[in-house]
Structures are given as C-alpha cells and as structure tokens.
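Only one structure is covered here, and it is reproduced in the block below.
What you see is a predicted model; the values in this text were computed from it and never measured. Letters A, B, ... are given to chains in the order of the sequence lines, protein chains preceding strands, and every chain is numbered from 1.
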Protein chains: 2
Amino acid sequence: MTEEQRRLIEAKTLVIKALAHPTRLYIVEELAHGEKCVCEFVDAVKADFSTVSKHLLVLKNAGLVTDEKRGQQVFYRLRMCCVPNFIECIGNLLPLPEKS
Amino acid sequence: MTEEQRRLIEAKTLVIKALAHPTRLYIVEELAHGEKCVCEFVDAVKADFSTVSKHLLVLKNAGLVTDEKRGQQVFYRLRMCCVPNFIECIGNLLPLPEKS
DNA sequence: TAAATATTTGGCTAAAATGCCAAATACGGT
DNA sequence: ACCGTATTTGGCATTTTAGCCAAATATTTA
C-alpha cells in the first residue's frame, strides 16, 4: 500500500467515522428531508445543546453537511447526498438479531 | 424518536462503526475484488496477525463480511455489496485538503 | 504423534471518542 | 447598552476502541 493510497483511505475513514454515531446518523437521516437548525435536533435527540452542536461540527468537518447562519439560528443541510441511499441499503442487509 | 427507531439506528450504526477504521475500510475495498484470506491482509497492512484477525471479526459481527474455512486458511468475502459503491462516492466528494 | 502453519482469543496498556457543565460568543429586540 | 435566545467552545471525567504480546486452537504434513 503506497503512501498516497494510505492518505486517501484515511480521508475516507474520517467521513465514515463521522457517520459512526447514533445521534449523528440520525441527524443525517433527518437532513435527507431538508435543512434543519440545531435546536430542532436538540428536541428530538435527548442530549445537551452543546453535545448536539459538537456532533454537527464533526459532520461539518467531515464534509458531510454544510451550515448557514440566518438570524440567530444556524441551519444545516446535507452535502454528501449519497449517504441516505447507503443507509437504507444497510438497513435492508442488517444481520438478524441473534437468538440468545 | 420512538424506541423502535432508536434500535434501528443503533443497529445501522454498528455496521458503520465497523467500517470506520482505515485498516477495515482497506480490507473491505480489497474484498470488493474477491475473497481473500487473513494472511493476505497481514502482508498488505503493517499490523500484527492478531490485530488483523480482530478487525475481520468486527466486520463479520457487523454482517459486512462472511468467512469460510478451507484447509488451514479462513477466507473472507464481502456480504454488503453496496459498500464499495458508497466508498467511491465519498471519495468523489471528499473535502479538499485545507491549505494551511 | 510431533512439528509447522494459519488463525483466534485473552489480557493489558495507551489512545481516542463521548457528553456534560460552565463560560464565551453572536444576534435580535427593547 | 441590556436582555434573551441560539449556538459554540473549553475543560474534564468516563467510556470505548486499538494494538501488541503471549497463549490457545485447528489443520496439514512429516
């Protein structure tokens, strides 16, 4: 594996890492239906305002979403639009809950 | 968000978490071209045999790959075939490396 | 059955991710 | 300028993840 390949893989990993959290995955799924502001997520997710804000920052740094400030609110929208499709595919292939 | 929705999201998150590591992402990309055995990855990834084995276990538990023992080797193959497509899409939308 | 190869498992330390609180910042209205 | 709402940032304690080594297991060959 070359150095160049390694860099590319690590860049992609950053994006996937950003998705790899229930709250963030939920946020992305919501954004698939259109932009939302931070406070709308705080209501749905039961977490601190600052926690939600940090999750959104992770998504933004990964390039998954973009943000736009309008008035005192910040609106987020999905940038990587292939994600919802992928999430749905995963849902269809989910391993069956193991019988214990 | 209902309890049912939460369970579903967490199940999907497990799959994505499994992808969220450079070595594991690399393995999945390789498996897109056909099955491979553990030792083949050990050569390519510079990590301990046991480390690679554990990464493969994570992928298997997530339902991303399946394994089959033949002789003294274990061959892994990709189960969630929508993944390579998604990885490619991410590659195309990667945020540009920030100019510092 | 002993030796060699391929792989997994247990355990332990180091590193990274999470989430809360408190404080800072930004903006609009009074 | 002051207050209230929306959001971000800093800091810290807790949890999770990673990766190595050593040991265990499995299978083929001598």
Give a yes/no answer on whether the side chain of H55(A) brings an N or O atom under 4.0 Å of OP1 or OP2 in dA17(C).
-> no

Any side-chain heavy-atom pair from E29(B) and Q5(A) closer than 4.5 angstrom?
-> no

Donor-acceptor pair (no angle test) under 3.5 Å: K54(A) side chain, dG11(D) base | yes

Taking CZ from F49(B) and P from dA23(D), how many angstroms apart are they, rounded to a whole number?
-> 18 Å

What orientation do Y26(A) and F41(A) show, parallel under 30°, tilted 30 to 60°, or perpendicular over 60°?
-> perpendicular

Separation of dA17(C) P from L19(A) CG (nearest whole Å) = 14 Å

Which part of the nucleic acid does K17(A) contact within heavy-atom distance under 4.0 Å: base, sugar-phosphate only, or nothing?
-> sugar-phosphate

N or O in side chain of T51(A) less than 4.0 angstrom from dG19(C) OP1/OP2 = no

Under 3.5 Å: donor-acceptor pair, side chain of R77(B), backbone of E68(B) = no

Least distance between heavy atoms, L64(B) atom then L78(B) atom = O-CD1, 3.5 Å

Here the distance between atom P of dT8(D) and atom CZ of F75(A), to the nearest Å, is 12 Å

How is R24(B) classified with respect to the nucleic acid when contacts are heavy atoms under 4.0 Å: base, sugar-phosphate, or nothing?
-> sugar-phosphate

Which one, dT7(C), dG11(D), dT8(D), comes nearest to the side chain of V74(A)?
-> dT8(D)

Phosphate-side-chain proximity, Y76(B) and dT8(C), N/O vs OP1/OP2 below 4.0 Å = yes

Of the listed nucleotides dT27(D), dG10(C), dT9(D), the one nearest the side chain of K69(B) = dT27(D)

Nearest to side-chain heavy atoms of D48(B), which nucleotide of dG19(C), dT8(D), dC21(D) | dC21(D)

Whole-Å distance between dA17(C) P and L57(A) CG?
-> 13 Å

In terms of side-chain heavy atoms of Q72(B), which of dC20(C), dA6(C), dC27(C) is nearest?
-> dA6(C)

Calculate the interatomic distance between D43(A) atom CG and dT5(D) atom P; express it in whole Å.
-> 14 Å

Separation of dT7(C) P from I27(B) CD1 (nearest whole Å) | 12 Å

Compare the minimum distances between each of dT7(D), dT8(C), dG11(C) and the side chain of S53(B), then state the nucleotide with the smallest one.
-> dT8(C)

Taking the side chain of V38(A) as its heavy atoms from C-beta onward, which of dA17(C), dT7(D), dC21(D) lies nearest to it?
-> dT7(D)

Go through dC27(C), dA18(D), dG19(C) for me and flag the one nearest to the H21(B) side chain.
-> dA18(D)

Winner on side-chain proximity to S50(A), out of dC20(C), dG11(C), dG19(C), is dC20(C)

If you look at every strand shown and take non-hydrogen atoms under 4.0 Å, does F41(B) touch a base, only sugar-phosphate, or nothing?
-> nothing

Intermediate values then yes/no, side chain to side chain contact (heavy atoms under 4.5 Å, CB included), D67(A) and L56(A) | CA-CA 9 Å; D67(A) 64 340; L56(A) 283 162; over 6 Å; no

Short N-O contact, R7(B) and E10(B), less than 4.0 angstrom | no

Interatomic distance, E68(A) CD vs dT8(D) C1' [rounded to whole Å] | 18 Å

Expressed in angstrom and rounded to an integer, what is the separation of E10(B) atom CD from dT18(C) atom C1'?
-> 14 Å

